[in-house]
**Q** 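This is the structure, below, for whatever I ask next.
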Amino acid sequence: MITTDKLSCNILADLFVAHGIKDVVLSPGSRNSPLIVAIVRRNELRHHVVIDERSAAFIALGMAIESGCPVALVCTSGTALLNYAPAVAEAFYRGVPLIVISADRPEEWIDQDDSQTLWQQNALAPYVKRSCDLGAHLEFENGEWVCNRLINDALIEAVSGRKGPVHINVRLDAPLNRTAEFKAGESRVIRQLTPPFELATPEARRLGEKLASPKRVLIIIGFHQPDERLNRALMKLSALPNVVVMTESIANLHSPSFISRIDMTLRILSANDWKKLQPDVVITAGGALVSRHVKEWIRSMDKGVEHWHVGLSHVTVDCFKHLSLRIEMEAAVFLRQLASALQICKTPCDYSSEWHEIYRQATASHNEYVRNAPWCDLSAFSHIVSHIPRHWNLHLSNGTAVRYAQLMDCSRLHRSECNRGVSGIDGCTSTALGASVIYRGVTLLISGDMSFQYDIAALSSFLISPKFKMIVLCNGGGGIFRFISSTSDLPEMEEFLAVGTRLPLKDLAAGYGFAFFDASSSTELEKALAAFVAENRKPALLAVNTPPELSANVLKQYFERP
């Protein structure tokens, strides 16, 4: 085939295909033009053009989250690479395999006042599993071998153990527009075989004995991709009288036997309940927890409480200050083995029944409060979540949206996601947009107005389709700052934190080709939401206008009431 004459670029494209990478997000540039040529001339690779590199990286993140497969992204030299940093950090702490490819100048021109030159190798070092630097010239002994080995190594590392991003920096010298013949498909491919790992049966039984009734076991699952194996194991465990399973709204694990609304449930506990319901062992899996309440409760427990964390980790995670056992294996495999080991232990225990009675009471209290609440964020969010079609995927922005979701029944939703790796508000729209490219059904993003404004560049993407819908909670900007105690009473809060937004949403929707809907009351929301759901010719945007101060006060009272 005729392609670029840059051998490193052609080997890279060849190995993308060989390692099963399907999607590549490209941002225009001149220094990366040989990389673009090498990639777009391979019919096996789907390429997606996104101009803004920060948005491009989050779009790639969304694609990788939805597909479960590595996604590559390619930028030009200079500060373009630095714009990838927020999404790469999120991918690192979320365990998502991104393949970051940056074009670069030859090393001799760095720090020589040449255009678009800065030190790019290792620029993302704290947030990638592996970095490598490909030289501009491979015409030396072993040059092609080194290039091939480094690329193979990076692509293997991205999907090994705890998955995550890798960075390949590709130095390219002028001229950049030459072409040559290249025999595609002949690059050496290095593969890795990872046999399945399980605990030895005696070890599984030993751990099972440590958790046997009447020991009280609390299992908490943070953000997680849908996993039927894990769901089945947790259902089996939750049937035991001494085991309680709590799941967050973005854990994507559902059963009537789970406590699925943690903050709603913990809200009604009395001082006596906090002590009475203290577990003997806490087992966690999945990613970082949204719930501040459960973290603070467990941190305050007696020193004798044990914490076991299960999952493939890059570091020892001791969020609760009680860690006693780090189990470095897939949660679905470990908990399946643990469930089998525990089935024979059925000493009477009322730990589970006590929790489920509290959950029943908390649900009734929640429903009554929301039913009597005035028009505000809480009442609007409750109506929206209960009317999302089952086959839609839900994405939530950080701040207000994901915290309200913690209070709602999300068990009927197809899939729920939020960027909780580092919990930044940047890139929420782009991440949801990337997921919508992969998911065949509708992807809905519920965003706060400040988060929406932060990632407004995503609206200009060529990838937006009628499968993508957005609901923007317009509550004066930074609604979460009016609620949390660390900021709500500061005199500077309104001017410097909850600063409000100037979002001409109707004009933005028209400019970017979105169908527009809005609502400023319960009656209007019911009507607008029905039309919003029915829209299938264009992407759609629904603005939900709520009173800022009242919304914050209603939420405060939700947690403060007896």
Side-chain angles (χ1 to χ4, degrees), residues 50 52 55 58-59 62 375 377 379-389 391-402 404-405 413 416-419 425-437 439 441-479 500-546 548 551:
V50 180
D52 184 292
S55 182
F58 278 107
I59 286 172
W375 171 249
D377 286 350
S379 58
F381 205 98
S382 178
H383 182 85
I384 290 168
V385 169
S386 64
H387 287 79
I388 296 173
H391 57 281
W392 286 16
N393 276 358
L394 173 64
H395 279 245
L396 300 156
S397 73
N398 274 302
T400 298
V402 71
Y404 277 114
L413 299 181
S416 302
E417 297 287 349
C418 181
N419 285 346
I425 69 168
D426 47 348
C428 295
T429 305
S430 295
T431 304
L433 174 57
S436 77
V437 174
Y439 182 53
V442 172
T443 297
L444 169 66
L445 169 68
I446 302 179
S447 174
D449 45 6
M450 186 176 284
S451 296
F452 173 82
Q453 184 169 357
Y454 206 91
D455 195 19
I456 208 164
L459 299 185
S460 64
S461 171
F462 301 116
L463 305 179
I464 291 177
S465 76
K467 298 191 303 173
F468 183 62
K469 295 177 183 285
M470 298 182 61
I471 295 176
V472 181
L473 300 174
C474 301
N475 57 11
T501 56
R502 294 189 180 94
L503 286 175
L505 288 180
K506 187 174 182 179
D507 294 336
L508 285 170
Y512 288 113
F514 280 68
F516 179 75
F517 307 87
D518 67 343
S520 299
S521 69
S522 297
T523 303
E524 290 180 5
L525 177 60
E526 185 173 357
K527 182 179 179 181
L529 188 60
F532 173 80
V533 169
E535 174 61 54
N536 59 16
R537 297 165 302 164
K538 296 180 176 181
L541 190 155
L542 168 59
V544 179
N545 306 293
T546 55
S551 291

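From a predicted model like this one, the values you see are computed outputs, not experimental measurements.
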**Q** Sequence neighbours left out, what passes ring-ring contact (aromatic ring centres under 6.0 Å, His included) with Y404? Give chain and number order.
**A** F381

**Q** What's the shortest heavy-atom distance between A401 and L396, and which atoms?
**A**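 Smallest heavy-atom distance, with atoms named: O-CD2, 4.0 Å.
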
**Q** Find out whether P389 and V442 are in side-chain contact, i.e. whether some heavy atom of one side chain is under 4.5 Å from a heavy atom of the other.
**A**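 No, their side chains stay 4.5 Å or more apart.
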
**Q** Without placing hydrogens or testing angles, list every side-chain donor-acceptor pair under 3.5 Å for residues 509-530, not counting sequence neighbours.
**A**
| residue | atom | partner | partner atom | Å |
| --- | --- | --- | --- | --- |
| S520 | OG | N545 | ND2 | 3.2 |
| S521 | OG | E524 | N | 3.2 |
| E524 | OE1 | S520 | N | 2.7 |

**Q** Donor-acceptor pairs under 3.5 angstrom involving side-chain atoms of residues 454-469: please list them, not counting sequence neighbours.
**A**
| residue | atom | partner | partner atom | Å |
| --- | --- | --- | --- | --- |
| D455 | OD1 | S430 | OG | 3.1 |
| D455 | OD2 | T429 | N | 3.1 |
| D455 | OD2 | S430 | N | 2.6 |
| D455 | OD2 | S430 | OG | 3.0 |
| S460 | OG | A457 | O | 2.7 |
| S461 | OG | L463 | N | 3.0 |
| S465 | OG | K467 | N | 3.1 |
| K467 | NZ | S436 | O | 2.8 |
| K467 | NZ | Y439 | O | 2.7 |
| K469 | NZ | F532 | O | 2.9 |
| K469 | NZ | E535 | O | 2.6 |

**Q** Taking it one step at a time, do S447 and L473 satisfy side chain to side chain contact (heavy atoms under 4.5 Å, CB included)?
**A** CA-CA 6 Å; S447 174; L473 300 174; over 6 Å; no

**Q** Test V472 against L505 for side chain to side chain contact (heavy atoms under 4.5 Å, CB included), laying out the working first.
**A** CA-CA 9 Å; V472 181; L505 288 180; 4.2 Å; yes

**Q** Work out which heavy atom in V385 is nearest to a heavy atom in L413; give both atom names and the distance.
**A** O-CD2, 4.3 Å

**Q** Just verifying a value: how many Å separate M470 CE and C428 SG, rounded to the nearest 0.5 Å?
**A** 9.5 Å

**Q** Drop me the distance from I446's CD1 to T400's OG1, to the nearest 0.5 angstrom.
**A** 12.0 Å

**Q** At what distance, to the nearest 0.5 angstrom, does CG of L444 lie from CG of L394?
**A** 5.5 Å

**Q** Look at the side chain of S397 and the backbone N and O of G448, then say whether any donor-acceptor pair between them is shorter than 3.5 Å.
**A** yes

**Q** Who pairs with A435 by side chain to side chain contact (heavy atoms under 4.5 Å, CB included), at least two apart in sequence or on another chain?
**A**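 Side chain to side chain contact (heavy atoms under 4.5 Å, CB included) check on A435 returns E66, H395.
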
**Q** My understanding is that only one of V402, I425, L445, N419 makes a side chain to side chain contact (heavy atoms under 4.5 Å, CB included) with S451; could you say which?
**A** I425

**Q** Could you walk me through whether V544 and W375 pass the side chain to side chain contact (heavy atoms under 4.5 Å, CB included) check?
**A** CA-CA 11 Å; V544 179; W375 171 249; 3.8 Å; yes

**Q** Counting N and O atoms only, with roles assigned by atom type, does the side chain of D449 sit under 3.5 Å from a partner on the main chain of N475, one being a donor and the other an acceptor?
**A**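 Pair found, side chain donor or acceptor close to backbone of N475.
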
**Q** Residues in ring-ring contact (aromatic ring centres under 6.0 Å, His included) with H387, at least two apart?
**A** H383

**Q** Decide yes or no for L503 and C474: does some side-chain heavy atom of the first lie under 4.5 Å from some side-chain heavy atom of the second?
**A** no

